[in-house]
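Worksheet: the structure to be examined is printed underneath.
These numbers were taken from a predicted model, which means no experiment stands behind them.
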Amino acid sequence: EHDIETPYGLLHVVIRGSPKGNRPAILTYHDVGLNHKLCFNTFFNYEDMQEITKHFVVCHVDAPGQQTGASQFPQGYQYPSMDQLAAMLPSVVQHFGFKYVIGIGVGAGAYVLAKFALIFPDLVEGLVLMNIDPNGKGWIDWAAAKLSGLTSTLPDTVLSHLFSQEELMNNTELVQSYRQQIGSVVNQFNLQLFLNMYNSRRDLDINRPGTVPNAKTLRCPVMLVVGDNAPAEEGVVECNSKLDPTNTTFLKMADSGGLPQVTQPGKLTEAFKYFLQGMGYIAHLKDRRLSGGSVPSASMTRLARSRTASLTSASSVDGTRPRACTHSESTEAMGQINHTMEVSC
């Protein structure tokens with residue numbers, strides 16, 4: 001565990017493993033109401049996920065004051081803005097000597113990582129963004145949130161952000177577990193500051209290339225993930241429409257609700273494995289659907305940034321290095337190069 005000095009205050013970071021040569025670090029950022037443990041423990045402790053992470057150093061970032069046992073911020077403390085939260089991350093990358101990272105973010109954490117990739121594109125090799133909402137709140141939404149804040153407890157407000165109404169009513173065991181942990185593990189004063197800052201975020205300044213002059217977009221490969229009926233579904237669909245279709249995969253997961261990394265870690269691990277393979281990072285990953293042995297290792301070298309829709313060749317398991325497809329190849333493979341590859345599972 002480390003406390004890293006940044007231009008906007010200390011950042012609590014937990015490192016698992018050690019840097020592996022030139023490979024990027026996997027850097028995570030959690031959602032509002034959670035910390036890295038509550039958000040990612042189930043996913044990263046999943047057996048097949050550990051087959052992947054033993055080949056990477058993992059860097060879990062806790063938003064300021066959200067870690068277990070954090071001391072309460074003083075009255076009048078100015079919580080960092082979403083832009084400032086993103087601007088804290090280069091200090092982490094530099095502190096550990098990472099060359100670049102593959103980010104995994106959920107909700108507010110996905111927004112922070114997307115901002116980070118827009119401001120510091122050379123530090124980000126790829127992004128897995130779950131439940132991202134690229135839009136700021138309009139004043140009607142803001143007023144409604146203010147009103148519900150007066151009538152709901154803080155854990156209830158967070159739960160309605162994390163889970164759909166259907167889950168809140170039907171998946172009572174999971175919801176109750178998170179209600180108890182949100183109320184007891186995360187400092188409530190600090191949590192309120194983080195929530196207020198997330199609710200006052202601006203629109204993420206991205207547009208699909210070619211749609212507006214000088215459009216900004218995420219230059220790295222992106223996998224967007226959302227559960228069916230998740231509160232964030234609409235926002236993720238909109239984010240998908242604003243990204244470059246040649247390097248974006250949209251994964252909608254059935255039976256996973258608002259926290260796919262908790263309810264469907266196996267499916268998400270499988271998708272993440274293919275995402276890494278598509279970028280040229282693959283290392284003796286067990287695939288139980290094949291003979292129980294390992295998938296032969298492909299070259300671990302970093303693919304050039306000019307790669308296109310390499311995810312179409314991501315399932316190659318014959319030991320050859322996944323190659324970025326040309327447009328003609330990917331048109332044959334995907335049927336339509338103009339649309340993001342959409343996967344439902």
Side-chain angles (χ1 to χ4, degrees), residues 28-44 60 62-70 72 79 82 85 104-112 129-138 140-201 225-237 252-265 268:
T28 73
Y29 212 113
H30 59 86
D31 203 352
V32 168
L34 309 176
N35 53 37
H36 82 271
K37 288 181 182 173
L38 295 178
C39 195
F40 292 112
N41 263 10
T42 303
F43 181 44
F44 278 86
H60 293 297
D62 285 318
Q66 311 303 301
Q67 71 270 24
T68 306
Q72 185 164 309
Y79 202 83
M82 301 306 282
L85 290 175
I104 304 179
V106 182
Y111 183 98
V112 170
L129 303 176
M130 291 182 252
N131 299 339
I132 186 169
D133 187 346
N135 301 315
K137 280 184 182 289
I140 293 176
D141 293 331
W142 181 84
K146 270 286 191 206
L147 199 59
S148 73
L150 297 174
T151 56
S152 307
T153 65
L154 184 56
D156 281 333
T157 303
V158 169
L159 289 170
S160 65
H161 164 74
L162 298 176
F163 298 104
S164 66
Q165 287 304 311
E166 191 182 327
E167 280 181 292
L168 290 172
M169 286 163 57
N170 299 332
N171 201 348
T172 49
E173 199 174 316
L174 179 69
V175 171
Q176 277 306 113
S177 163
Y178 270 86
R179 183 194 303 278
Q180 187 270 324
Q181 292 179 91
I182 291 163
S184 61
V185 173
V186 184
N187 181 285
Q188 300 295 284
F189 180 81
N190 297 354
L191 167 53
Q192 185 72 63
L193 294 179
F194 184 25
L195 178 65
N196 292 348
M197 195 51 76
Y198 178 63
N199 283 341
S200 61
R201 70 192 180 280
V225 181
V226 70
D228 55 349
N229 300 320
E233 188 176 354
E234 208 174 291
V236 178
V237 169
K252 187 173 176 183
M253 295 178 62
D255 306 318
S256 64
L259 293 177
Q261 77 279 17
V262 173
T263 53
Q264 295 282 6
L268 191 58

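Judged purely by atom type and a 3.5 angstrom limit, Asn131 has no side-chain atom pairing as donor or acceptor with the backbone of Val226. At least one donor-acceptor pair closer than 3.5 Å links the side chain of Glu167 to the backbone N or O of Gly258. No donor-acceptor distance shorter than 3.5 angstrom exists from the side chain of Gln67 to the backbone of Asn35, with no hydrogens or angles considered. A donor-acceptor contact shorter than 3.5 Å links the side chain of Glu233 to the backbone of Asn229. No donor-acceptor pair under 3.5 Å is formed between the side chain of Thr172 and the backbone N or O of Leu168. At distances below 3.5 Å, not a single donor-acceptor pair connects side-chain atoms of Arg179 with backbone N or O atoms of Asp156.
Between Met82 and Ala108 the shortest heavy-atom distance is CE-O, 3.9 Å. Closest heavy-atom contact between Leu34 and Gln66: O-CB, 4.0 Å. For the pair Tyr79 and Pro64, the tightest heavy-atom approach, listed with the atom from each and the gap, is OH-O, 2.7 Å. Smallest separation of non-hydrogen atoms from Gly227 and Ser256: CA-OG, 3.1 Å.
Annotation for Glu234: atom CD does not count as buried by contact number, only 12 or fewer foreign heavy atoms lying within 6.0 Å.
By the ring pair (Phe, Tyr, Trp, His ring centres under 6.0 Å) test, Tyr198 is found to be paired with His161, residues two or more places apart in sequence or in another chain being considered. Contacts of His36 classified as side-chain contact (heavy atoms from CB on, under 4.5 Å), with partners at least two apart in sequence or in another chain: Val14, His60, Asp62. With sequence neighbours excluded, the residues satisfying side-chain contact (heavy atoms from CB on, under 4.5 Å) with Gln72 are Asn187, Phe189, Asn190.
Taking CZ of Phe40 as the reference point, atom CE of Met130 lies at 5.5 Å (rounded to 0.5 Å). Expressed to the nearest 0.5 Å, how far CG of Leu154 lies from CG of Leu191 amounts to 4.0 Å. We find the CD1-CZ distance between Ile104 and Phe43 to be 5.0 Å, quoted to the nearest 0.5 Å. Expressed to the nearest 0.5 Å, how far CG of Asp228 lies from OG of Ser164 amounts to 8.5 Å. Interatomic distance, Leu259 CG to Phe163 CZ, rounded to the nearest 0.5 Å: 4.5 Å.
Looking at Asn196 and Gln192, their side chains do bring a donor and an acceptor atom within 3.5 Å of each other.
Checked against Val32 for a side-chain contact (heavy atoms from CB on, under 4.5 Å), the options Leu195, Val106, Leu162 give a single hit: Leu195. For the pairing with Tyr178, the side-chain contact (heavy atoms from CB on, under 4.5 Å) check across Leu159, Val158, Val185 returns one residue only, Leu159.
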